2 protein chains.
Amino acid sequence: MTAPRRRDAAATREAILRAGVEAFTRFGYDGVGVREIAQSAGVTAMLVNRYFGSKEGLFAEVAEVSMAERTVLTGDAATLARDVAAALVSRTAPEADNLDPFLLMLRSASNPRAAEILRAGIEKHVEAHILDVVPELRGTDRAAMALSLIAGFWLMRRVIGSSALNAADEATLAETLESLFRLLLAT
Amino acid sequence: MTAPRRRDAAATREAILRAGVEAFTRFGYDGVGVREIAQSAGVTAMLVNRYFGSKEGLFAEVAEVSMAERTVLTGDAATLARDVAAALVSRTAPEADNLDPFLLMLRSASNPRAAEILRAGIEKHVEAHILDVVPELRGTDRAAMALSLIAGFWLMRRVIGSSALNAADEATLAETLESLFRLLLAT
DNA sequence: GTCTATATAATGATAGAC
DNA sequence: GTCTATCATTATATAGAC
């Protein structure tokens, strides 16, 4: 999409990386080729390997930058359950057009090499951030369980496209989720 | 694996179908080719298309037979939360070597055509079975939310391989899950 | 720093012999 | 009913020119 200035290594690398985030999040690791990613970045496929070594190398860096950003998991401990529930319902809405690390994970997890990269990224960034906000959860299974619930909701609503979840009233969905998160994230 | 009798159409078809269940569940729709599936069934790739029209046609039938079976969602309404929690923990154990419809879904959902087939199968079989056991959930979002939790737990524990979930005590995992399912499946 | 051209391998699907 | 042989396409990755 964004054409890099010709002969600017940093800009070219950045353009490929951002095209990679978009492509891998939308289509998954196996669902997109380096040619398409390169074309979106306005360069040829060769430069993807030039700057990232391989498709897998690009994916690793995409996972790193995508998960380093904070998305659904924001807010302070006091209102965490409600905030997470509301953000989750709003971000998984069918018309929402966002690039979320959970979508990246769900659409690439079926590839074993991608799965290992994703596992490391999840534990380093996403899980660590929950423990930052609610340090009392360390040593319990509840942070990981909250991640499972978030991932499963993303999956069923946005990747599978569950009719029940997409026909449901969003306020009701948020209430149900909030009660689950209160149970998981209580201090 | 199982070699069909030569010149027995029904047995050959059945062998391909069972090889398809195994292959698609283990490696996902994009992770396996028709050649591999055919070889596991002891036939050539041509017969896959002969009997199922295409790879997608085979996958549709695989999804149908896989989801028609009952796995985690068994038991009666009274002890449902505990039963589902226990079965989920046991079936997602790292050493368990089962062919579960949730694994089929998680490993193939990234392909849009497979996702649509899976959505239909989930709603026809899995969701319908929850409403069979707990008819009071009809019209609420809680059956779909329970499915999200189950899918997310499968994903994080078995497909991603979360260290936290795999290091946790299984009895504690089951307790946490049971409290969540009690909230979702209460009549 | 970026390109064109290509090597090599795998894919889903089909034609036609037996 | 099943096979061999093949088509057409696509994939990742690399060599070498400019």
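The sequence lines fix the lettering, A, B, ..., with proteins before strands; numbering per chain opens at 1. A quick note: this is a predicted structure, and the numbers were derived from the prediction, not measured.
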request  = Starting from P on C/dT11, measure out to CE on B/Met46 and report it in whole angstrom.
outcome  = 18 Å
ask   = For DNA chain C, what is the dot-bracket line, given that a base pair needs Watson-Crick (N1 to N3, plus N6-O4 or O6-N4) or G-U wobble (N1-O2 and O6-N3) geometry with both distances under 3.5 Å, and | means paired with another strand?
value = |||||||.||||||||||
request  = Determine whether the side chains of A/Thr172 and B/Asp141 contain a donor N or O and an acceptor N or O closer than 3.5 Å.
outcome  = no
A/Asn49 CG - D/dA11 C1' separation (whole Å) = 12 Å
Pair B/Glu22 + B/Arg107: basic N to acidic O under 4.0 Å = no
query = Rounded to whole angstrom units, what separation is found between the CZ atom of B/Arg113 and the P atom of C/dG12?
reply = 11 Å
message = Has B/Thr140 got a side-chain atom pairing as donor or acceptor with B/Leu137's backbone, closer than 3.5 angstrom?
response = yes
request  = Give a yes/no answer on whether the side chain of A/Thr44 brings an N or O atom under 4.0 Å of OP1 or OP2 in C/dC3.
outcome  = yes
task = Name the closest nucleotide to the A/Ala9 side chain, picking from C/dA13, C/dG1, D/dG16.
result = C/dG1
note = Testing D/dT14, C/dG1, D/dC3 for proximity to the side chain of A/Tyr51, the answer is C/dG1
Side-chain donor or acceptor of B/Arg119 paired with backbone N/O of A/Ile160 under 3.5 Å = no
message = Just to be sure I understand the rule, does A/Phe52 reach a base, reach only the sugar-phosphate, or reach nothing, if contact means heavy atoms closer than 4.0 Å?
response = nothing
request  = Would you mind reading off the distance between B/Glu14 atom CD and D/dG1 atom C1', rounded to a whole angstrom?
outcome  = 17 Å
Nearest-Å distance for atom pair CG/C1', residues B/Leu58 and C/dG12 = 13 Å
inquiry  = Distance check needed: D/dC3 P versus B/Gln39 CD, whole Å only.
reply    = 12 Å
Nucleotide nearest A/Glu36 (side chain, heavy atoms from C-beta), chosen from D/dA11, C/dT14, D/dG1 = D/dA11
inquiry  = If you only use heavy atoms from C-beta on, which nucleotide in C/dG12, C/dA15, D/dG1 is closest to the side chain of B/Arg50?
reply    = D/dG1
ask   = Which part of the nucleic acid, if any, lies within contact of B/Glu56, taking any heavy atom under 4.0 Å across all strands shown: a base, the sugar-phosphate backbone alone, or nothing?
value = nothing
request  = Identify the residue among A/Leu88, A/Asp83, A/Thr176, A/Leu80 that makes a side-chain contact (heavy atoms from CB on, under 4.5 Å) with A/Phe181.
outcome  = A/Leu88
ask   = For the pair made of CG in A/Asp30 and P in C/dA10, what is the distance, rounded to whole Å?
value = 15 Å
inquiry  = Taking the basic N atoms (NZ, or NE/NH1/NH2) and the acidic carboxylate oxygens, is any pair closer than 4.0 Å for A/Asp30 and A/Arg113?
reply    = no
query = According to a strict under-4.0 Å criterion, is A/Thr12 in side-chain N/O contact with OP1 or OP2 of C/dG1?
reply = no
message = Keeping A/Lys55 on the side-chain end and A/Asn49 on the backbone end, is there a donor-acceptor pair under 3.5 Å?
response = no
ask   = Between A/Ala45 and B/Leu47, which has a closest nucleotide on DNA chain D that is more 5'?
value = B/Leu47
